Undergrad: 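The structure follows.
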Amino acid sequence: MNKSVLRKMCAAGAMAAAFGLSSSAYAISLGSAFTVQESAITGAPANAVTAYEMNGQYSEYLAATSTTTFLTNGVFNVGSYFDINETPIAGTSLNAAPTAGYALYGLFAFAGTFAANPDGSAVFTATSASLQLWADPLQNTVVTPNSTIPTAGTLATPTSGAGDDILLATAIDLIKGEGQKLPNAGSGSFGGGFDILVGDISNNTAYFIAPNPFYLYVDLNGNFRNFNFSPSFAGTIGGNASIYFTPEPGSIALTGLALLGIAAVGRRKLRK
Ligand SMILES: [Ca+2]
């Protein structure tokens, strides 16, 4: 087993642990394969891409709305699809030159509670989340996080170039959402982040071929190092965004039952 696969499996285990999910179905399904058909995007040639992750950069505006509650909204831009070894997949139209090329971006808004500690660390618990994933065929959309405190769930609005954009997925159902800021001293390159799992996704099935339906797991690792909790705070944080897909647990359960059925049939055949 190569290191990246091991890391992926450990990451899935860590996600499951972070979410307090004892179900092995979750542990094995986070970061599972998904397939998109690029010709669903205006101008892109037919090309079915099977990937394990969307990876890119994000920016969010994070603000306290009281000593215990926060709101954040942000934008991520997908740089590449990643394969199971976390290597960018070549030969796709994602971020390729016009007119075949297209961009992908996401908009998110989370609300919840937080607890700040004397050492500068803090823990966030999301209580609501909304997320949209968009394709930008002309690669011309300009959108940045709302830098004022919006209403909970309000997504950033593009300032230009959104007329050609195609809505690929919408989620308003928070399954689980947690965040943390590490202590001020000795934090690493990022120092904090959010892990958000959303479901009840309405998606463009011409683009997202499989799995359907799916959950989206958004892993944000941001530069929280200079973010000062007093505990009042407001500011912009940027970093790395990883987006994973996972079949909805209902479909996993059905698949598991189907596999059990196949196994049972196999044993019966062996006995004959
Ligand atoms: Ca556009």
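Every number for a ligand or one of its atoms is a count from 1 in the order of the listing. Positions are given from 1 along the sequence. None of the values given here were measured: they were computed from a predicted structure.
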Undergrad: Should the ring pair F114 and F233 be called parallel, tilted or perpendicular, given that the plane angle runs from 0 to 90° and is split at 30 and 60?
TA: perpendicular
Undergrad: Need the atom name: nearest N/O/S atom of D136 to the Ca ion (ligand 1).
TA: OD1
Undergrad: So V75 and F108, do their side chains get closer than 4.5 Å, heavy atoms only?
TA: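 A side-chain contact is absent here, since even the closest heavy-atom pair is not under 4.5 Å.
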Undergrad: Give a rough value, rounded to 10 degrees, for the angle at the Ca ion (ligand 1) between atoms OD2 of D164 and OD1 of N140.
TA: 100°
Undergrad: Residues two or more places apart in sequence or in another chain: which of them pass side-chain contact (heavy atoms from CB on, under 4.5 Å) with T42?
TA: P137, I166
Undergrad: Which of the N/O/S atoms in D165 sits closest to the Ca ion (ligand 1)?
TA: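 The Ca ion (ligand 1) is closest to the D165 atom OD1, counting only N, O or S.
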Undergrad: Is there a donor-acceptor pair under 3.5 Å between the side chain of D119 and the backbone N or O of S121?
TA: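 Flag set: sc D119 to bb S121 pair under 3.5 Å.
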Undergrad: Any N/O/S atom, side chain or main chain, of T141 closer to the Ca ion (ligand 1) than 3.0 Å?
TA: yes
Undergrad: Within less than 3.0 Å of the Ca ion (ligand 1), any N, O or S from G161?
TA: yes
Undergrad: Tell me if the aromatic rings of F76 and Y58 count as close, with their centers under 6.0 Å from one another.
TA: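 Distance test on ring centres: not under 6.0 Å, no.
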